[in-house]
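First up is the structure itself, then whatever we jot down about it.
Sequence lines set the chain letters: A, B, ... in the order given, protein chains first and strands last, and positions in each chain run from 1.
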Amino acid sequence: MHIREEQSERHVLSLTVTNEAGILARIAGLFSARGYNIESLTVADIGTDHQISRITVVTNGPPKVIDQIIAQLDRLVPVHRVVDLTDNGPFVERELALVKVAGTGDDRIEALRIADVFRAKVVDTTIGSFIFEITGPTDKIDSFVALMRQIGLVEVGRTGVVGLVRGGKEA
Amino acid sequence: MAERSGADILVQCLVDLGVDTVFGYPGGAVLPIYDAIYNHPTIKHILVRHEQGATHMAEGYARSTGKPGVVLVTSGPGATNAVTGITDALMDSIPMIVITGQVPTQLIGTDAFQEADTVGITRHCSKHNYLVKDPGRLAPVVHEAFHIATTGRPGPVVIDIPKNVQIATAPYTRPEGFEHQSYRPASAPDAVAIDAAVEMILKADRPILYTGGGVINSGPEAATLLRELAHRTGAPVTSTLMGLGAFPATDPSWLGMLGMHGTYEANLAMNQADLIVCLGARFDDRVTGRLDAFAPHSQKIHVDIDRSSVNKTVAVDLPVIADVGRAMAAIIAGLDARGYTKPDLSEWWARIDGWRAKNSLGYDDGATEIMPQRAIADLYKATLATGKDTIITTEVGQHQMWAAQHFGFDAPNKWLTSGGLGTMGYGFPAAIGAQVANPDSLVICIAGDASIQMNIQELGTATQYRLPVKIFILNNEYMGMVRQWQELTYESRYSNSYSDSLPDFVKLAEAYGWTGIRIEGPQELEAGIRQMIETPGPVLVDCRVAKLSNCFPMIPSGAAHTEMLLDPSQVKGSMSDEAKALV
Ligand SMILES: Cc1ncc(C[n+]2csc(CCOP(=O)(O)OP(=O)(O)O)c2C)c(N)n1
């Protein structure tokens, strides 16, 4: 007997939650307890009074599972709202990465040239290395990192995705 | 304002919230609370023998009254012992408050004596939980906890209180009704959805009402509305294990329980229906059998207060997210508004009668052995004859299914069983909790010889509080349900399913000051049951039943409703790996 997997879709979910102790464990634990996937998860306080945080979760699963994830998140007591950005019209998603690349000579020049194409900023430099700061959608960062890997990638730090719906209104 | 200690504030909250009973067990981290309830004039404390017992007692109290059950335990092992009951209450939507002691705040995280991460451990087996670090927060948290436990889909809420917070002081004012920022459970049904539901009912030729524990959670009014809906539409009614009693078993529209050990007529009617109205049930795997073969010809309306129950396993045509009682009231009003009159469902009923004629719950009485089904049927008869309000609890296994099949329930809150988690060890403490809440009722725990041993220590609790609970053990000397699956799946290799070294249950009962009765053969059955009912005080009956009886009908896991096994002759003794892998 073999275990079968279903076709999955990537969704970006945006949650507003009460900023209380254990909230992150509650959300992350729900995903692990029910066997849902987390590609990335970001959380930060967004209110003036430190009462509310926004959590952005990138997940994947078959459509039925995505619906379940939303319903399960929604019934957690400290969760105010869950919006499926992927299913809510156009939205903007961004991620920030710091990418450390080592190299000399032509490699150095090539790294700067690629960084320019990707609009990545140099935020630190030594004779033999750069740290680039790059923001963009996940796939853009993926391609940047893939190119840098060929040049001399040392390490990467990524924030995970945040996102908002386009236009003047709240989602 | 005069300040009060955290422990006093907690107790005052319990009084203000109408709590009359707490099931608990003391320990270092809750001593201040125990001192605050010492000789309390209105809160009765039931001292259990194991914290798991306290949680199931609270469940029994809650399920038999509709009020939340309250548990008080110490930190560390007290809290971890409560985890099974908390999980059980979550699975079966039982309102429960569990108050746990915690090491003082300054010691949290230091691996202090009897420290356990209670909020961490219970985070995913409770509806919600709190660690209260400030006595000033206690009152709002306790009131909010009761609100969350009892509204929406009910469930267990854990409040972890460090010892120094129980001692530190704060002013107390009784919190007044509040609007929760983020917790707003559904309640009133959406008018458009109700209209659509009415429309679907109007068109149905083969409707069925598939009801569950939600009808019971919604309150006695919901059970009345269910009756009305069934009679107005003429539709047959079936129920999950958790919903038994919401619709009277003596009503001609009753098909019996559905699912794995449900009746032939209930499962076939589900399979052949053109409209399934699911009322407070959740298409659990025990009910649906193989999903791709489940009710293939039907449209489905799903009324549930919890949106996450909808489309979880079975895709439905119309979700109605609301309290099931209010939804039924709105549907009935909608039918009235359309001038609906009961349609002619005689063709549908003729088919159902055909399935009924199979008599799927039938069994042959043994000459020398008591058939377990007979024992339940006789117990049912005897309790009816007493005319007393009767509450039945069960442990988990074959006896539980036989009780569900052969005991008839005509009212809600009289049937207490562990459905979702299937917790052996639930039934006896649940009976104690129900008896505490209903001192004049006849409370009987139908048990198996294995299950009863899981919380047997609570015999002492019943003795101490003079609770006249009855335990009726269907003693087959096996973990019968395990043995049955081994017969179905593993060619009868009885790996560790024999109940070896059983105690002498009669002597054990007597050792605790109970009356013990042994029933050994069919000729002793009636008298033994009568003696159990008539003997005042707690009574344990060791009823020796046929050792190798199996529970039928049965839809083996992974099979369709139409592939039901009606009797032992249909058992093959082995299964495919796919079927074996299912629970
Ligand atoms: C705490 C717990 N452990 C294990 C099981 C698995 N299990 C389900 S039924 C059963 C056997 C129950 O035997 P008994 O109480 O004698 O009842 P019978 O089936 O014989 O009526 C077991 C072990 C369970 N449900 N709960």
Residue Q106(B) excluded, over 12 heavy atoms near CD under 6.0 Å: yes

Atom NZ of K580(B) with >12 non-hydrogen neighbours under 6.0 angstrom: yes

Side-chain heavy atoms of K312(B) within contact of D67(A), under 4.5 Å: no

Members of residues 16-41 of chain A whose heavy atoms come closer than 4.5 Å to chain B: T18(A), E20(A), G22(A), A25(A), R26(A), G29(A), L30(A)

Toward chain B, the part of V79(A) with a non-hydrogen atom under 4.5 Å: backbone

Over all atoms of both residues, closest heavy-atom pair of A71(A) and R307(B): CA-NH2, 3.9 Å

Within 6.0 Å of CD in E170(A), more than 12 heavy atoms from elsewhere: no

Largest heavy-atom contact set with chain B, pairs under 4.5 Å, which of V65(A), V77(A), L76(A), D74(A): V77(A)

Contacting moiety of R184(B), where chain A heavy atoms sit under 4.5 Å: neither

Heavy-atom proximity to chain A below 4.5 Å, by part of N311(B): backbone

Which portion of N129(B) sits near chain A, non-hydrogen atoms under 4.5 angstrom: both

Chi angles and distances behind the side chain to side chain contact (heavy atoms under 4.5 Å, CB included) call for R75(A), K127(B): CA-CA 9 Å; R75(A) 73 180 187 150; K127(B) 182 170 175 186; over 6 Å; no

Minimal non-hydrogen separation, K64(A) against T313(B), with atom names: NZ-O, 3.4 Å

Exercise: identify the closest heavy-atom pair between Q68(A) and V310(B): NE2-O, 3.9 Å

Proximal component of A315(B), with respect to chain A [non-hydrogen, under 4.5 Å]: neither

Heavy atoms from other residues, nucleotides or ligands near CG of D106(A) exceed 12 (cutoff 6.0 Å): no

More than 12 heavy atoms of other groups within 6.0 Å of D292(B) CG: yes

Spatial distance of atom OG (S308(B)) from atom CD1 (I69(A)) [nearest 0.5 Å]: 12.5 Å

Contact origin within I70(A) toward chain B - heavy atom pairs under 4.5 Å: both

